[in-house]
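First comes the structure, then the notes that go with it.
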Amino acid sequence: MKSTDSLTTTETDAQSHTAAIWLAESGLSGPAAPRLPLAFESFLYLQPAHQVLQPAGESVLSCYLEDPAAGSTVAQLHLALAPQLGTAQSPAQAPFGAVQLAAGVSTNQIHVFLNTVENALRQRGIHALRLRSYPFAYDPTGAAVLAETLRQRHYRVTLAEQNYHLDPGRPYESSLHPSERRRLQKCRRHGLHFEQEPPFLLPAAYAFIQACRQERGQELSLPLERVQELFRRFPREHFLFSVRQPNGEWAALTVAIRVHEQILYNFYPASPLRCNAFSPVVMLNEGLHAFAKASDMRVLDLGTSTLDSGPNASLLRFKRHLGGVAGLRLSWEKTIG
């Protein structure tokens, strides 16, 4: 990645809030970290250390909104630049990116921030900006404020996805649809059990998950080498969980990701067709729910249910049967040239 000079501007919004905006392109050590401490815990995918692992083409423009009076950074955005295509996007390669906000940041402050970002992109020959935001469940207020600001700035929604999550504070089994409760009880009667697996089993687990996906005509989004690198770089954020049969064989597996101190994402759930009669993914989610609750998390993210052809109706129904709460995840685009 190339290194370029940074840009700092100071702006005052309509409510006389003075803010500094710092923009810096990635250097030899990767995307730029904030100059001032963040006023919030960064989502994993927005951390510069994670940005380094996301294939980003030419460079990444890191954008920070600072509150000089408080001595903190109150918003962040990382954009993968492709000047030859005239595009910028966030994320480069991750479930989501876009703008993360501290509590209390106003639409006026975001307008000031995005004015500077969009002007900097125009100067770099960028004419299209694409953002994929985080699920509303992660930060309902921040997501709503960001969505309203983007709407006011004439961004258009290119994809609106249903995203389901479980609340670890609610009892798991009593929230299940009766059919899923029966399947969970069947798993118990036949001796299936939940386990946390050691990371050295990741190659075998990846092969199991890949085979399960291929049975259903689906592919994994990341190669094994990339998943192994994520486990190495972020060992406290990546977990391998399973449901095993009494003979020790796997009946279900998933890679789970601690996206935030309070959010666990069920990233790669999989079970072979031979286990359909048990539906061991119900037990897998029970274990994840218990893990999230014991870790004082407030969201167990079950993800979206979108295929290339549109919503996956059967998967949506399954997540509802698990007691999943529906929410939104929005993707946006704007022509800025």
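Residues: numbered from 1 along the sequence shown.
The aromatic rings of His238 and Phe231 sit tilted, their planes meeting at an angle between 30° and 60°. Taking the six-membered ring where the residue is Trp, Phe208 and Trp250 present perpendicular rings, their angle passing 60° and hence far from 30°. The aromatic rings of Tyr265 and Phe267 lie tilted to each other, with the angle between the two planes from 30° to 60°. In this pair, His50 and Tyr45 present their aromatic rings perpendicular. The plane angle is above 60°, beyond the 30 to 60° band.
Nearest heavy atoms, Gln54 versus Ala92: OE1-N, 3.4 Å. The shortest non-hydrogen separation linking Pro198 to Leu240 is O-CD2, 4.0 Å. In this structure, Glu195 and His193 approach most closely via the heavy-atom pair OE2-NE2, 3.0 Å. The nearest pair of heavy atoms linking Pro31 to Gln51 is CG-CB, 3.5 Å. The minimum heavy-atom distance between Ala326 and Gln162, with the atom names listed, is CB-NE2, 4.4 Å. Taking both residues in full, the closest heavy atoms of Arg329 and Pro95 are given as NH1-O, 3.4 Å, listed atom of the first, atom of the second, then distance.
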Please test Leu150 against Val99 for side chain to side chain contact (heavy atoms under 4.5 Å, CB included), starting from the C-alpha separation and ending with a verdict. CA-CA 10 Å; Leu150 295 177; Val99 184; over 6 Å; no
Candidate pair Ser90 and His78, rule side-chain hydrogen bond (donor to acceptor under 3.5 Å, both in side chains), full reasoning: CA-CA 6 Å; Ser90 178; His78 301 277; over 6 Å; no
Start with the C-alpha gap between Phe291 and Phe194, add the side-chain angles, then the distance that decides, and say whether ring-ring contact (aromatic ring centres under 6.0 Å, His included) holds. CA-CA 11 Å; Phe291 178 86; Phe194 177 81; 8.2 Å; no
Tyr138/His260 under ring-ring contact (aromatic ring centres under 6.0 Å, His included): CA gap, chis, key distance, verdict: CA-CA 9 Å; Tyr138 284 23; His260 181 275; 8.1 Å; no
Could you give me the CA-CA distance, side-chain angles and deciding distance for Arg132 and Glu161, then say whether side chain to side chain contact (heavy atoms under 4.5 Å, CB included) is met? CA-CA 11 Å; Arg132 189 181 194 211; Glu161 300 173 280; 2.8 Å; yes
Criterion side chain to side chain contact (heavy atoms under 4.5 Å, CB included) on Thr73 and Trp22, from CA distance to verdict: CA-CA 10 Å; Thr73 297; Trp22 185 53; over 6 Å; no
List the steps and the verdict of side chain to side chain contact (heavy atoms under 4.5 Å, CB included) for Tyr64 and Arg35. CA-CA 9 Å; Tyr64 297 103; Arg35 299 183 302 182; over 6 Å; no
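Residues Val112 and Asn108 are not in side-chain contact: their nearest non-hydrogen atoms beyond the backbone lie 4.5 Å or more apart. Annotation: side chain of His165 is not in contact with side chain of Pro135 (no heavy-atom distance under 4.5 Å). Proximity of Leu230 to Leu222: side-chain heavy atoms (C-beta onward) are separated by under 4.5 Å at one or more points. Residues Val282 and Phe318 form a side-chain contact, since some pair of their non-hydrogen atoms from C-beta on lies under 4.5 Å apart. Here the side chains of Pro34 and Gln76 are not in contact, with every heavy-atom distance at 4.5 Å or above. Leu77 places a side-chain heavy atom less than 4.5 Å from the side chain of Phe113. Within the 4.5 Å cutoff, no side-chain heavy atoms of Arg130 are placed close to those of Thr158. Contact check for Leu322 versus Tyr164: no side-chain heavy atoms found under the 4.5 Å cut-off.
Exactly one residue among Leu121, Thr87, Ile126 makes a side-chain contact (heavy atoms from CB on, under 4.5 Å) with Leu79. That residue is Leu121. Checked against Arg153 for a side-chain contact (heavy atoms from CB on, under 4.5 Å), the options Asn115, Ile336, Ile110 give a single hit: Asn115. Of the residues Lys293, Arg183, Arg188, Arg181, the one that meets the salt bridge (Lys or Arg N to Asp or Glu O under 4.0 Å) test with Glu286 is Arg188.
Here CD1 of Ile257 is found 9.0 Å from CG of Leu264. Values are rounded to the nearest 0.5 Å. Between the CD atom in Gln245 and the SG atom in Cys187 there is a gap of 9.5 Å [rounded to 0.5 Å]. Rounding to the nearest 0.5 Å places OG1 of Thr304 at 12.0 Å from CZ of Phe96. The CD atom of Gln185 lies 9.0 Å from the CG atom of Leu176; values are rounded to the nearest 0.5 Å. Going from atom OG1 of Thr116 over to atom CD1 of Ile21 covers 3.5 Å, rounded to the nearest 0.5 Å. In this structure, CG in Leu284 is found 11.5 Å from CG in Leu184, a value given to the nearest 0.5 Å.
In this structure, a donor-acceptor pair under 3.5 Å is absent between the side chains of Gln152 and Thr107. Remark: the Glu25 side chain and the Ser59 side chain contain an N/O donor-acceptor pair separated by less than 3.5 Å.
Remark: side-chain polar atoms of Lys319 are paired, donor with acceptor, to backbone N or O of Gly303 under 3.5 angstrom. Between the side chain of Gln109 and the backbone N or O of Ser106 there is at least one donor-acceptor pair closer than 3.5 Å. Between the Lys186 side chain and the Ser279 main chain, no donor and acceptor come within less than 3.5 Å of each other. With hydrogens and angles ignored, the 3.5 Å screen pairs no side-chain donor or acceptor of His190 with any backbone N or O of Leu192. Under the 3.5 Å distance criterion, the side-chain polar atoms of His154 are left unmatched by any main-chain donor or acceptor of Thr335.
Linking ILVMFWY side-chain heavy atoms closer than 4.5 Å, directly or via other members, places Trp332 and Leu328 in a single hydrophobic cluster. Hydrophobic clustering, with ILVMFWY side chains joined whenever heavy atoms are under 4.5 angstrom apart, groups Leu224 together with Leu53. In the hydrophobic clustering of this structure, Tyr268 does not group with Leu273; members are Ile, Leu, Val, Met, Phe, Trp, Tyr whose side-chain heavy atoms approach within less than 4.5 Å, directly or through other members. Val74 and Leu36 are not part of a single hydrophobic cluster, where members link through side-chain heavy atoms under 4.5 Å apart. In terms of hydrophobic clustering, with Ile, Leu, Val, Met, Phe, Trp and Tyr side chains grouped at heavy-atom distances under 4.5 Å, Val157 and Val145 are assigned to a common cluster.
The existence of a salt bridge linking Glu148 and Arg151 is confirmed by a sub-4.0 Å separation between a basic side-chain nitrogen and an acidic carboxylate oxygen. By the 4.0 Å N-to-carboxylate-O rule, Glu197 lies close enough to Arg244 to be salt-bridged with it.
Heavy-atom contacts from other residues, nucleotides or ligands closer than 6.0 Å to CD of Glu261 number 12 or fewer.
Arg122 is linked by a side chain to side chain donor-acceptor pair (under 3.5 Å) to Asn119, counting only residues two or more places apart in sequence or in another chain.
Applying the under-4.5 Å side-chain rule to Ile, Leu, Val, Met, Phe, Trp and Tyr, the cluster around Leu38 extends to Phe40.
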